[in-house]
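Here, residue 1 is the first one in the sequence, and each next residue gets the next number.
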Amino acid sequence: MSLHFLSHWSWIAKVKVNTQAVLKRAQHVQGQKTPKKQWQAAWLLKAVTCIDLTTLAGDDTPSNIHRLCLKAIQPVRYDLLKKMDMHDKGITTAAVCVYPSRVADAIKLLNAANSSLPVASVATGFPTGQTPLETRLQEVHMAVADGATEIDIVINRMLVLTGQWEALYDEICQFRQACSDAHMKTILAIGELGTFTNVYKASMVAMMAGSDFIKTSTGKEVVNATYPVAIVMMRAIRNYFLCTGHKVGFKPAGGIRTAQESLVWLTLIKEELGNDWLCPHLFRLGASSLLADIERQIYHYVTGQYAAYHELPMP
């Protein structure tokens, strides 16, 4: 697939994904052994630095945004990091992710804490994308004006399901323009796209329109981040890189809750895309409860015991 090929829409009709091969690859990844002992602890700290620590609840208030930001700045207890000689390595999560109306709260707290941690905001009618285009664009402008430096947009799934690929491209281009200098992560909502082939096509269109990341899900759909879908998206990222020389990031989100799962995600990234993608610049984990389990595993590595949940501060 050359750049010339990408510049015409005829390629879209020719895309086919081998479902059985994808499922077999996903099964293989899940069956692999993950690192143990100090290697596991190192990989878990790597996972922490790639987390977009997220709260997207109807009952979000300034006080729980405050807690979220403090947890993002100090995601693992200082004494545990000190015992691993990692206390002075600047370990934080990659960003915090909130609704547009809570961006100002997050910015205020992070500024007060003298932290440069990025604030990501969902936008464009999250989670469904079913609001007028003008409203969706305005939401992006407002989040950027309030200080968000990353915007997680949602696509209009109807355009995918009805095969309106050029219209999808045009919409995402407008979101890209509205984001200005902010990084744009494009949420495909894979649980609502129907087929692996649609996921691949939507991934390619999103990247062509200027997405810095492609993201699996809002976390609000019935099906969220699954390994087979991730493989399809990662292959699209790889093909896009081979065509253009441009690296686009990947963000699984929704339902990622255990330290063990985060190790599988890191392994999958390493094998499918390579070490260059094993950094917050190109890989994010969208999660709210994942960090608590990672911290429990690190506590176990350091002390040999499992912490009671009240011993570790929750976001």
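For Pro228 against Phe196, the heavy-atom pair with the smallest separation is CB-CZ, 3.6 Å. Scanning both residues, Ala253 and Thr216, for their nearest heavy atoms gives N-OG1, 3.0 Å. Between Leu278 and Lys46 the shortest heavy-atom distance is O-NZ, 2.9 Å.
Residues Ile12 and Val160 share a hydrophobic cluster, clusters being chains of Ile/Leu/Val/Met/Phe/Trp/Tyr side chains in contact below 4.5 Å. Met233 and Ile187 end up in different hydrophobic clusters when Ile, Leu, Val, Met, Phe, Trp and Tyr side chains are linked at under 4.5 Å.
Residue-environment remark: CD (Gln38) exceeds the threshold of 12 foreign heavy atoms within 6.0 Å. Within 6.0 Å of the CD atom in Gln177, the count of heavy atoms belonging to other residues, nucleotides or ligands does not exceed 12.
Of the charged side-chain nitrogens involved, none lies within less than 4.0 Å of a carboxylate oxygen, so that Arg176 and Glu171 do not count as a salt-bridged pair. Contact check on Glu150 versus Lys251 returns no salt bridge, with no Lys/Arg side-chain nitrogen under 4.0 Å from an Asp/Glu carboxylate oxygen.
Atom CG of Leu44 is separated from atom CZ of Arg296 by 13.0 Å, given to the nearest 0.5 angstrom. To the nearest 0.5 Å, atoms CD1 (Ile237) and CD1 (Ile214) are separated by 4.0 Å.
Each of Lys270, Arg238, Lys247 was evaluated against Asp276; a single residue qualifies, Lys247, per the salt bridge (charged side-chain N to carboxylate O under 4.0 Å, His left out) test.
Using a 3.5 Å distance cut-off with no hydrogens or angles, the side chains of Gln32 and Glu271 do pair a donor with an acceptor. A donor-acceptor contact closer than 3.5 angstrom links the side chains of Thr258 and Glu261. For the 3.5 Å distance criterion, the side chains of Thr195 and Thr197 fail to qualify, holding no donor opposite an acceptor.
In summary, the aromatic rings of Trp265 and Tyr227 are positioned with their centroids under 6.0 Å apart. Taking the six-membered ring for Trp, Trp277 and Phe241 have ring centres closer than 6.0 Å.
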Only pairs under 3.5 Å count here: list side-chain donor-acceptor contacts from residues 83-97, not counting sequence neighbours, and write none if there are none.
{"residue": "Lys89", "atom": "NZ", "partner": "Asp85", "partner atom": "O", "Å": "3.2"}
{"residue": "Thr93", "atom": "OG1", "partner": "Ala95", "partner atom": "O", "Å": "3.2"}

What pairs of donor and acceptor atoms, side-chain ones from residues 101-112 against any protein atom, are under 3.5 angstrom apart with sequence neighbours left out?
{"residue": "Arg102", "atom": "NE", "partner": "Asp105", "partner atom": "OD2", "Å": "2.6"}
{"residue": "Arg102", "atom": "NH2", "partner": "Asp105", "partner atom": "OD2", "Å": "3.0"}
{"residue": "Asn111", "atom": "ND2", "partner": "Ile107", "partner atom": "O", "Å": "3.4"}

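A donor-acceptor contact shorter than 3.5 Å is absent between the side chain of Thr54 and the backbone of Ser288.
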